Amino acid sequence: MYGQEKIKPYGQEGEKKQQVERMFDRIAPTYDELNHRLSWNIDRGWRKKAIKQLQPFAPQTILDIATGTGDFAILSAKMLQPKQLIGADISVGMMEIGKRKVAAAHLDHIVSFQKEDCLALSFADHSFDAVTAAFGIRNFQDLDSGLKEIYRVLKPGGHLSIVELTQPVSFPMKQLFKVYSHTLLPFYGKLLSKDKSAYKYLTSTIEAFPQGEQMVEILQKAGFSNAKFKRLTLGVCTMYFAEKE
């Protein structure tokens with residue numbers, strides 16, 4: 001078990017995935033505004049870099065895991081122009097906002113949403129050319145099982161592109177990020193979302209989540225090949241890319 005799997009938003013009673021679902025349903029109305037403000041809108045650039053990893057392969061069927069309010073799915077649809085993109089998430093509240101954003105962007109013919117348990121996906125083996133995930137896999141109750149499910153639904157030759165918040169490893173950003181994530185982030189998160197537990201939880205999972213070389217090893221253990229990573233913005237975010245042979 002990895003460190004972030006032990007962390008739950010609302011205490012130790014009950015399964016993590018149920019608590020995560022409740023948390024995201026509660027903070028859904030303010031989630032986008034908080035994300036953009038707390039990252040100074042840099043998160044938009046991180047998503048673009050992660051999608052660009054897929055451009056040479058022109059995937060036509062894409063699954064966006066832990067899609068949330070659909071930002072990554074919408075940007076992928078615009079940049080990659082696939083035939084079909086499904087956003088999957090455990091939180092209906094988050095996806096309802098995503099549906100409205102997709103409609104406003106006139107992408108209904110490409111992007112759809114489905115409630116899914118990311119540890120037991122309903123899709124058949126070898127269903128997708130690519131799987132994407134932005135800032136979501138650290139909320140998996142079981143990271144190994146979630147990655148194996150992603151591997152299962154990918155077609156041979158398909159690719160996985162992940163972008164995830166991480167703890168910087170070098171001075172002084174490591175120290176600055178720790179101060180920021182333990183003071184301003186939870187305070188501002190509580191102010192806007194009215195859920196003080198949510199942003200404490202999100203900070204704790206960032207710190208506990210395996211990253212860099214360790215995450216590459218975890219991807220390889222799940223069956224992926226050619227796994228690699230790149231730190232962005234001095235390590236505040238890390239981008240991963242892997243292939244199913």
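For this chain, numbers begin at 1 and follow the sequence in order. Values below: every heavy atom of this structure, side chains too, minus hydrogens, waters and symmetry copies. This is a predicted model, so every value here is computed, not measured.
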Is Val131 reachable from Val111 through a run of hydrophobic residues whose side-chain heavy atoms are each under 4.5 Å from the next? no

I would like to know whether Gln53 and Ser161 meet side-chain hydrogen bond (donor to acceptor under 3.5 Å, both in side chains); could you show each step before the answer? CA-CA 7 Å; Gln53 295 186 118; Ser161 182; 2.9 Å; yes

Can you hop from Ile62 to Ile65 via hydrophobic side chains spaced under 4.5 Å? no

Distance, nearest 0.5 Å, that separates CG of Asp144 from NZ of Lys221: 3.5 Å

Contact summary for Thr166 and Cys237, nearest pair of heavy atoms: OG1-C, 3.4 Å

Salt-bridged, Asp43 to Arg47, with N to O below 4.0 Å? yes

Between Leu154 and Phe224, does a side chain to side chain contact (heavy atoms under 4.5 Å, CB included) hold up when you go through it step by step? CA-CA 10 Å; Leu154 263 177; Phe224 290 97; 3.6 Å; yes

Shortest non-hydrogen pair, Leu219 vs Ala242, comes out as CD1-CB, 4.5 Å

Please report the C-alpha distance between Thr132 and Ile51 in whole Å, then the side-chain angles of each, then the deciding distance to 0.1 Å, and finally whether the side chain to side chain contact (heavy atoms under 4.5 Å, CB included) criterion is met. CA-CA 8 Å; Thr132 59; Ile51 294 166; 5.8 Å; no

Checking Phe209 now: which residues fulfil ring pair (Phe, Tyr, Trp, His ring centres under 6.0 Å) with it, not counting sequence neighbours? none

Any side-chain heavy atom of Met239 within less than 4.5 Å of one from Ile162? no

Quick one: list whatever passes ring pair (Phe, Tyr, Trp, His ring centres under 6.0 Å) with Phe140, sequence neighbours left out. none

Could you walk me through whether Asp125 and Tyr151 pass the side-chain hydrogen bond (donor to acceptor under 3.5 Å, both in side chains) check? CA-CA 9 Å; Asp125 295 358; Tyr151 185 86; over 6 Å; no

Give me the atom names and distance for the closest heavy-atom approach of Ala208 to Gly3. CB-C, 3.7 Å

So do Lys17 and Asp142 actually touch side chain to side chain, heavy atoms under 4.5 Å? no

Hey, any chance Ile90 and Ile137 share a hydrophobic cluster, counting ILVMFWY side chains that come within less than 4.5 Å of each other, even indirectly? no

Can you tell me how the ring of His159 sits relative to the ring of Phe241, calling it parallel under 30°, perpendicular over 60° and tilted otherwise? parallel

My understanding is that only residues two or more places apart in sequence, or in another chain, count here; which of them pass salt bridge (Lys or Arg N to Asp or Glu O under 4.0 Å) with Glu217? none

Between the main-chain N or O of Val236 and the side-chain N or O of Thr233, is there a donor-acceptor pair closer than 3.5 Å? no

Report yes if some heavy atom in the side chain of Leu143 is under 4.5 Å from a heavy atom in the side chain of Pro210; otherwise report no. yes

Looking only at side chains, do Thr69 and Lys101 share a donor and an acceptor under 3.5 Å apart? yes

Kindly say whether Phe123 contributes a backbone atom to a donor-acceptor pair with the side chain of Arg152 at under 3.5 angstrom? yes

Backbone N or O of Val153 within a donor-acceptor pair of the Lys244 side chain at under 3.5 Å? no

Between Arg138 and Leu202, does a side chain to side chain contact (heavy atoms under 4.5 Å, CB included) hold up when you go through it step by step? CA-CA 9 Å; Arg138 73 179 191 281; Leu202 293 171; 3.6 Å; yes

Minimum heavy-atom distance between Asp25 and Val92, given as atom pair plus value: OD1-N, 3.5 Å

Would you say NZ of Lys148 has more than 12 non-hydrogen atoms from neighbouring residues, nucleotides or ligands within 6.0 angstrom? no

Looking only at heavy atoms, what is the nearest atom pair of Gln141 and Glu15, with distance? OE1-CB, 3.6 Å

Using the side-chain contact (heavy atoms from CB on, under 4.5 Å) definition, which of the options Met23, Gln4, Gln19 pairs with Tyr201? Met23

Are side-chain heavy atoms of Val163 and Phe135 found at a separation under 4.5 Å? yes

Donor-acceptor pair, distance only, cut-off 3.5 Å: does the side chain of Gln167 make one with the backbone of Ile206? no

Answer yes if the side chains of Asp129 and Thr61 hold a donor-acceptor pair under 3.5 Å, and no otherwise. yes

Quick one, Leu80 and Leu54 - any side-chain contact, counting heavy atoms below 4.5 Å? yes

Could you walk me through whether Leu63 and Leu121 pass the side chain to side chain contact (heavy atoms under 4.5 Å, CB included) check? CA-CA 11 Å; Leu63 173 66; Leu121 296 169; 4.1 Å; yes

Do other residues, nucleotides or ligands put more than 12 heavy atoms under 6.0 Å from the CD atom of Gln55? yes

Nearest heavy-atom approach of Lys16 to Asn139 is CE-O, 3.6 Å

Between Glu116 and Ser122, is any side-chain donor less than 3.5 angstrom from a side-chain acceptor? yes

